[in-house]
Amino acid sequence: MEKYNHKKIEKKWQDSWDESEIYHTKNSSKKPKYYCLIEFPYPSGAGLHVGHLRSHIAIDIVARKKRMNGFNVMYPIGWDAFGLPTENFAIKTKTHPKIVTKNNIKNYTRQIKSYGPSFDWSREINTTDPEYFKWTQWIFLKLFNSFYDEKLDKARPIEELNVPNNLDEFEKRKYIDSHRLAYEKEMAINWCPSCKIGLANEEVINGNCERCGALAERKVMRQWMLKITKYADRLIKDLGDVDYLEKIKTQQINWIGKSEGATVKFPVILRRHDEESRTNTQNDFNNEIVTSQKAPRNDNNIVKVFTTRPDTLFGCTYMVLSPEHSLIEKYKNKIENFSEIEKYQKKTRNKSDLERTDLAKEKSGVELKGIKAINPVNQEEIPIWIADYVLSSYGTGAIMAVPAHDERDFEFAKKFGIKIREVVVPIFKAFTGNNVLRSDKKTVHRKIVIAFLKHWKEDKYLCLDWKKFDWHSGVVGGIENGENLKEAAMREIKEETGYKNMKFVRNLGSEHRNTFFARHKDENRYSIERGILFELKDDAWEKPSEEETKNHEAVWIEAERMDDFLTLGNQKLIWNHLKGKTACFKEDGVNINSGFLNELETIDAKKEITAWLEKNKLGKKAVNFKLRDWVFSRQHYWGEPIPIIKCEKCGNVSLSEKDLPLELPNVKNYEPTDTGESPLANIKKWVEVKCPVCGGSAKRETDTMPNWAGSSWYFLRYTDPNNKSEFASKNNLEKWMPIDLYNGGMEHTTLHLLYSRFWHKFLFDLGYVQSAEPYKMRRSHGMVLSEDGQKMSKSRGNVVNPDEVIGKYGADSVRLYEMFMGPYGDAIPWNTTSLIGMNRFLERIWKMQDKVKMQQTSLEKETILVATNNQGKLKELKNHLKNFNILSLKDIDKKIEEPEETGKTFEDNSLLKAKYYAQETGYMTIADDSGLCVNALNGRPGIFSSRYAEGDDKKGYIKLLKELENASDRSAYFKSVITIYNPKDNNYNQFNGKCDGKILTKPEGDNGFGYDPVFMVNNLKKSFGLCSLEEKNKFDHRKKAIDKLIKYLKTCHPEPVERSKIKHTLHKTIKKVTEDIDSLKFNTAISQSMILANEMEKSKNISLTDYKSFLVLLSPFIPHITEELWETLEEEKSIHLQSWPKFDPKLIIDSEITMVIQVNGKVRDQIKVPAEISEDDAKKLASESEKVQKWIKGKEIRKIIFIKGKLVNIVV
RNA sequence: GCCGGGGUGGCGGAAUUGGUAGACGCGACGGACUUAAAAUCCGUUGAACUUAUACUUCGUGAGGGUUCGAGUCCCUCCCUCGGCACCA
């Protein structure tokens, strides 16, 4: 045996696979399809990262296994090659990006091939190839030429848009343009003032320019946008139909950020600042409402806001506009402090996103003096402010501020002394335990006071300990008629605690609600509760009456213990008020100070107010999303040109399909311009064109598409990569889509994944693809960290180079290591010493072949019994099986009675027969299938050959011929089954030879002999036919079966004793590896394979069949070494074309198990027992155990727990 | 702040969903082979106690609870990683 040399074998097999094209996927296959996909790599100059390998290899393993499972697998690869890194590298090295890309792809291809993934290279695609991006541009034009039909909830061609007919040409165009799914908009983008270039969000690192480090600014520029927001709802909803990792779904849902609420219209009125009725600058809650009688109802003077809490409308005490809001410009002349406003606007405009969204910073804003808004629900005049905490890009760019119930508004109002009005109070409800409301009891409404009584000297408080109910509270009591809060509290304190002299300090919070079942009164309570604080003046005390104190006891609790002591939510709330730990109340509750909404719970209040708004035409139910439209322009060279021509007369004109692809001009200067325009803008020859509509002079759009464009549909192109007339044929799309498994990084969850789902839905709407969702399943790999546990990066210098480790340890070692390093989805640090361990494992597998080979050569001629006396048949088999001693029944000394057949099918009977003879004689036995025609004629399937027809068989044959004449259904198939039974491992094999057969007629002049009449089976229904010898040979089913048999016998030999144990482990391993690959748990699949390898290694001999199964199981993980070993076994076809092993459930069951005996849950002994041990036996054995005796002696056995197949637990 | 994933030996990580915690691998230690080293092979390897591979106790971020039995379930808290972040 040669030494294992990965260098020698890996290249050899990679070339061989390439040459034999074994991974090329046919569109025409009849097998079920399986489309698995990794995100196609971006070919950068840095080359592949070991992180790429992790996902490529993982999905490769799935692909290989699925192929062996009989699927027609497509596992394609391509290049996502447009984009900045290449452009930057090109500028730096003064090389054309095309050339940079070509070189990078070459390098990537070499690298990828070096670890042997089973990619189908015949489908390779490249986003920068004009043949490819032609279709990217085509899809863009489809978007440009479509609108979203809200009623049908789908995109439709723009020609079908209903355009109001009272518009002039210009307005009409404007109308249409505003409905296109691809449209233009003035947008603030990130701008680097030093590089003078627009930056993509990805290029802004912590607010700074990625290249030069300068602070990025905002610059407003015209941008192409895609209306992904139209799909927001569907992008959430359809997640219900796909199998993505839960965290991916959540992240997408959060990113899209759907919120439901209402829009509310606020009229705006003019009001000179000095005329203002009154400004309330106090912060305590003021419920007085100043209303305006002059609220105009004119839509021109309306500000719309979006809110998720319309129920708090009565609490809206001011309004805030984003600094960019259009109202400001409209009221320019009416705003008294306009210069101040402008100053503020300018300040925010110059702020970067980072500064503006810095949460730590204090709220800022300016009031618009001279105008007021009217709260439509109560006609209150409220101030209007602008502040940068309101974003122009979300909702309507304006908010109704409810400082009492929104933290941001609260903070703002406090800072600027704006009125705060509380309109929602908490409501407490018990959901568990015995305080839950009971429907069978009456409900009593009460006003309650909760009083805390501070000690006269120390920092402690008088509380009640309700012994029977595990309640801890302050002094609690009802407010009786004619009493006020203070009076009621003082009376209760006296009655319940006996203390007499106290002084009022302050009220605590407002009136919250509390609902519960009051056990001590046996009734439901709905109480309106308010807290109050007193301080005792002295210790004057009088014993309270028994009646008052029977349920509870007054106790003094130190202030710091109060948090732990108080058990009820309402008590804690009041205590927090006492400690001043109050925040604004953001949760749901019950409305107060809200007119017709009073006493409604939030959920009902929302419904009520929304209905009211709709009725009065002051607002309506509305949904808003955080998701923004997709900024689709890049001011760069290396991207797909946007195929639009801008004509002054005709506006934006799309290129016609026949002019696609619109290629990039091949020029030398592709560096960014000073103006922030795309470098293409400088290329006059390319830019200046004739308008395709009017023929006048026009200009090309010079922006290019973002990197995300090409990757938004590439998986569709794989299905038909060379199609010249369509992006992919309908047939191929139908055949391959949707993708069964799509793997990619978590970093693409909110961009690529969302974008591509959007494009796919769009194409679906227009009928170009057949499914609403492109990916059936989405999984994600974890990062490979550097050895020090940090992210690998060039600057840290901790990058592991795949070329290096593959060169040193081999592709198989690296593959195995990357899969074994830890759970597939987790980030795991790289560790080269562990990788060496994998190499060791491969060496051990390599060495195992010796044990297998020795087996083969030492194989003695084995005896096989053919359970027949038919000499013709014996002769035939002897002829084929020269390496065996063949015996017939005549050669057996012992007289054996033919068994009664009881099986239902021919296979069953055949098995029973073989088994019977095998057990009687101890020989491996082939069942005799001749003579079965007699049985067959009784309605059972079988095979008959005239060559062997003698005696009774002949009679049967004649009978058969007679039946043939009357048979109506003559379509059938031939079937031949040979059963071999091996008594040594109690195992059998059946070899089927099957071929389809048409009705075959009895040839002219046939006397029935000299031809093969064949008994044919069709789903156990009888039908018969005859065929000529010639035809018989054509369908030589028998030969097929015999060939299989011979193949089996060649590899089948006497088994060592360890065999059964290995077989047991082998089948357990088959099960585990099969299931683990399906659920991407590669690490545990490998671990189980190692257990099997350890066992095989320890045994003296390894059976060839076991070894083969072992190799096949590992072949997806380590394709090179297994292929090499497979070849040495003189197999003709590649290991990767074998079928996946199946496990036998019977072989997995243990006959004997180790049962654990516990005493009080602690393991005290372990005994070996039969797996099927009965409960009584197990318990008996357990208590007899010596070790256990020690623990239970002299103790009373309370009970014994028995878990089948696991343990016995004795409780003493 | 919100959402999501985690916390298990010296390290990467297992544990059939409530049933022997630490599989498998790495590392370390001891031994065999060798003139020697590497490689390979054999053994040991959670901690404590111990002459002991015996016995026992402790042990899955912390504290409490449910259970015959908890890494797994419930409550409170701490730490950590990832995503979002003034989204009204």
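Chain A is the first sequence line, chain B the second, and so forth, proteins listed ahead of strands; every chain is numbered from 1. Not measured: the values here are computed from a predicted model.
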Looking for any heavy atom pair under 4.0 Å, which part of the strands does [X] touch: base, sugar-phosphate only, or nothing?
X: A:I1201; value: base
X: A:G837; value: sugar-phosphate
X: A:Q251; value: sugar-phosphate
X: A:N1083; value: sugar-phosphate
X: A:V1163; value: sugar-phosphate
X: A:R628; value: base

Under 4.0 Å from OP1 or OP2 of [N]: is there any side-chain N or O of [X] that close?
X: A:N1094; N: B:G25; value: yes
X: A:K1162; N: B:C58; value: yes
X: A:R840; N: B:G27; value: yes
X: A:K247; N: B:G5; value: no
X: A:S259; N: B:A88; value: yes
X: A:W1191; N: B:U56; value: yes

Quick one: do A:Y318 and A:F416 satisfy ring pair (Phe, Tyr, Trp, His ring centres under 6.0 Å)? Show the steps, please.
CA-CA 11 Å; A:Y318 65 102; A:F416 292 103; 8.9 Å; no
Quantified in whole Å, what is the [atom1] atom distance between nucleotide [N] and nucleotide [M]?
N: B:G25; M: B:C33; atom1: P; answer: 26 Å
N: B:A54; M: B:C49; atom1: C1'; answer: 12 Å
N: B:C74; M: B:C84; atom1: C1'; answer: 29 Å
N: B:G9; M: B:A47; atom1: C1'; answer: 9 Å
N: B:G83; M: B:G30; atom1: C1'; answer: 49 Å
N: B:A52; M: B:G71; atom1: C1'; answer: 31 Å
N: B:A70; M: B:A21; atom1: P; answer: 10 Å
N: B:C78; M: B:G64; atom1: C1'; answer: 15 Å

Before accepting this row, confirm whether a basic side-chain N of the pair A:R778/A:E39 lies closer than 4.0 Å to the acidic partner's carboxylate O.
yes
Flag the pair A:E843 and A:K847 as a salt bridge only when some basic side-chain nitrogen lies within less than 4.0 angstrom of an acidic carboxylate oxygen.
no
If I take atom [atom1] in residue [X] and atom [atom2] in nucleotide [N], what distance separates them, rounded to the nearest angstrom?
X: A:M838; N: B:C24; atom1: CE; atom2: P; value: 13 Å
X: A:K3; N: B:A38; atom1: NZ; atom2: P; value: 16 Å
X: A:W255; N: B:C3; atom1: CH2; atom2: C1'; value: 14 Å
X: A:L785; N: B:G82; atom1: CG; atom2: P; value: 9 Å
X: A:R844; N: B:A39; atom1: CZ; atom2: C1'; value: 15 Å
X: A:I828; N: B:C24; atom1: CD1; atom2: P; value: 19 Å
X: A:K1081; N: B:A15; atom1: NZ; atom2: C1'; value: 11 Å
X: A:K1098; N: B:C41; atom1: NZ; atom2: P; value: 11 Å

Evaluate side chain to side chain donor-acceptor pair (under 3.5 Å) for A:Y344 paired with A:S364, printing each intermediate quantity in order.
CA-CA 9 Å; A:Y344 186 79; A:S364 66; 2.7 Å; yes
Looking at side-chain heavy atoms only, is the closest gap between A:I228 and A:L235 below 4.5 Å?
yes
What's the base orientation of B:G9: syn (chi within 90° of 0) or anti?
syn
Could you check which nucleotide pairs with [N] in any of the strands shown, counting Watson-Crick or G-U wobble with both distances under 3.5 Å?
N: B:G82; result: B:C3
N: B:A88; result: none
N: B:A28; result: B:U44
N: B:A52; result: none
N: B:U76; result: B:A62
N: B:G69; result: none
N: B:A39; result: none

When the ring centroid of A:Y817 is compared with that of A:Y809, is the distance short of 6.0 Å?
no
Report the nucleotide, chosen from B:G27, B:C3, B:G19, that has the shortest atom-to-atom distance to any side-chain atom of A:T250.
B:C3
With respect to the side chain of A:F820, which nucleotide from B:G25, B:C68, B:A88 is positioned closest?
B:G25
For A:L835 and A:P829, find the nucleotide of RNA chain B closest to each by heavy atoms; which residue's nucleotide sits nearer the 5' end?
A:P829
Reading RNA chain B from 5' onward, which residue's closest nucleotide shows up sooner: A:N624 or A:N254?
A:N254
May I ask you to verify whether the side chain of A:Q1158 and the base of B:G19 hold a donor-acceptor pair under 3.5 Å?
yes
Crowded around A:K304 NZ? As in, over 12 foreign heavy atoms under 6.0 Å?
no
Tell me whether A:K1179 at atom NZ has more than 12 heavy atoms from other residues, nucleotides or ligands lying less than 6.0 Å away.
yes
